[in-house]
Protein chains: 2
Amino acid sequence: MGITQERTAEQDLPYDVFAKACPSRGTLEHVTGRWGALTVGALYEGSLRFNELRRRVDGVSEKMLSQTLHALERDGLVHREAQPTSPPRVDYELTPLGREVAGRLLALIHCVEDRMDEVLAARAAYDSRGA
Amino acid sequence: MGITQERTAEQDLPYDVFAKACPSRGTLEHVTGRWGALTVGALYEGSLRFNELRRRVDGVSEKMLSQTLHALERDGLVHREAQPTSPPRVDYELTPLGREVAGRLLALIHCVEDRMDEVLAARAAYDSRGA
DNA sequence: CGGCATCCGGATTGATACTG
DNA sequence: CAGTATCAATCCGGATGCCG
């Protein structure tokens, strides 16, 4: 069963991330993964080219960014627009579905950023207790 | 009905996940990580013991759950309550801070679960185009 | 029950080099 | 510019065994 009390109890959902075999778990990982979250977050502001994205997401390697974008594109969250010009130009942008997911993701990201002082204080307390 | 209230562009925040060295990136990873997300999600319903959690989060090993809980406890998102009885009993629950983060995380999880049909359709389309 | 320490194989990652 | 290919290094993550 689901994890929420928000949903009506008798609602029978087809997908449940808590189930090991559910495909939603994989998609959630694409979105929340180390680079997936930052990539989606960066694209929320608007369409970006490959290297723009690379600069925005501080620390991604070409390979990881490429791989991340492929996964997100396959899941229908990101749209890839390639122009066969020379030099080539490729723009990435969120799909409508991607925007919805990104909205939720950014709410989470902002929540964490806004509370970092508390988190850092908790860490300091934890570490001093332990040591 | 904005999904998120967007921040004003010029807002100068102390913490930015997009920066490689920002500690918020680490915390975000604890929360969104493979097991972190499911652990936090499971605890949203209420306090749980170690093995209850283990059963709930289908697929975690004992080691990973333990490790995940430590990281979340250190970040001040989870509270650990140990009773020195025999046999020992340890309960885990979200802190107020943890609940806030969990709320956002669950919104994201539900969003993904609810749209899985679209995701799966996108995947099928992507794969047939590629092949 | 609720853990921690150790080992170990395979998946993940990141430079680097190369291509269209 | 926008990637792919390759290879070495790293990092999980699970299994096992032990302890309070």
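Order of the sequence lines sets the chain letters (A, B, ...), proteins ahead of strands, with each chain counted from 1. In this text the structure is predicted, and so the values were computed from the model without any measurement.
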Exercise. Can you sort out which residues in residues 52-74 of chain A have a heavy atom within less than 4.0 Å of DNA chain D? Ascending by number, please.
Key: A:Glu62, A:Lys63, A:Ser66, A:His70
Quiz item: Going 5' to 3' along DNA chain D, which nucleotides are the first and last within contact of chain B (any atom under 4.0 Å from a heavy atom)?
Solution: D:dG13 to D:dG20
For residues 119-131 of chain A, which side-chain N or O atoms pair as donor and acceptor with protein atoms under 3.5 Å away, sequence neighbours left out?
from	atom 1	to	atom 2	distance (Å)
A:Arg123	NE	B:Asp75	OD1	2.7
A:Arg123	NH2	B:Thr27	OG1	2.9
A:Arg123	NH2	B:Asp75	OD1	3.2
A:Tyr126	OH	B:His70	ND1	3.4
A:Asp127	OD1	B:Arg74	NH1	2.8
A:Asp127	OD2	B:Arg74	NH1	2.5
A:Ser128	OG	A:Ala124	O	3.3
A:Ser128	OG	A:Ala125	O	2.9

Practice problem: Please tell me if the side chains of A:Val90 and A:Phe50 come closer than 4.5 Å, counting only heavy atoms from C-beta onward. | Solution: no
Quiz item: Can you list the residues that meet the side-chain contact (heavy atoms from CB on, under 4.5 Å) rule with A:Arg55, with sequence neighbours excluded?
Solution: A:Asn51, A:Glu52
Practice problem: Would you please name every residue forming a side-chain contact (heavy atoms from CB on, under 4.5 Å) with A:Arg89, sequence neighbours left out? | Solution: A:Arg49, A:Gln83, A:Thr85, A:Asp91
Self-check item: Contact summary for A:Leu53 and A:Ala42, nearest pair of heavy atoms
Solution: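 Looks like CD1-CB, 3.9 Å.
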Quiz prompt | DNA chain C contacts among residues 87-94 of chain B, heavy-atom distance under 4.0 Å | solution = B:Pro88, B:Val90, B:Tyr92
Quiz item: Whole Å only: how far is the CZ atom of A:Phe50 from the P atom of C:dG20?
Solution: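 The answer, rounded to whole Å, is 18 Å.
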Practice problem: Calculate the interatomic distance between A:Arg34 atom CZ and C:dA11 atom C1'; express it in whole Å. | Solution: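 After rounding, the gap between these two atoms is 15 Å.
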Exercise. Using atom types as modelled and distance alone, determine if a side-chain donor or acceptor of A:Ser47 lies under 3.5 Å from a backbone N or O of A:Glu93.
Key: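 No, the answer is negative, given that no donor and acceptor are paired below the 3.5 Å cut-off.
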Quiz item: Would you say B:Ser24's side chain and A:Glu113's backbone share a donor-acceptor pair under 3.5 angstrom?
Solution: no
Exercise. Supply the atom-to-atom distance B:Leu38 CG to B:Met64 CE, rounded to the nearest 0.5 angstrom.
Key: 14.0 Å
Quiz item: Tell me, which pairs form a salt bridge (Lys or Arg N to Asp or Glu O under 4.0 Å) where one or both residues lie in residues 19-42 of chain A, sequence neighbours left out?
Solution: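 Pairs touching residues 19-42 of chain A that pass the test: A:Glu29-B:Arg34, A:Arg34-B:Glu29.
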Practice problem: For residues 60-71 of chain A, pull every pair meeting salt bridge (Lys or Arg N to Asp or Glu O under 4.0 Å), keeping only residues two or more places apart or in separate chains. | Solution: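 Matches after skipping sequence neighbours: A:Arg54-A:Glu62.
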Just to verify, what does [X] make a side-chain hydrogen bond (donor to acceptor under 3.5 Å, both in side chains) with, not counting sequence neighbours?
X	value
B:Arg104	none
B:Glu73	none
B:Gln67	none

Practice problem: Determine to 10° how strongly the helix from C:dC1-D:dG20 to C:dG20-D:dC1 is bent, judged from the axes of its five-pair ends. | Solution: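 Axis-to-axis angle, ends of the helix: 50°.
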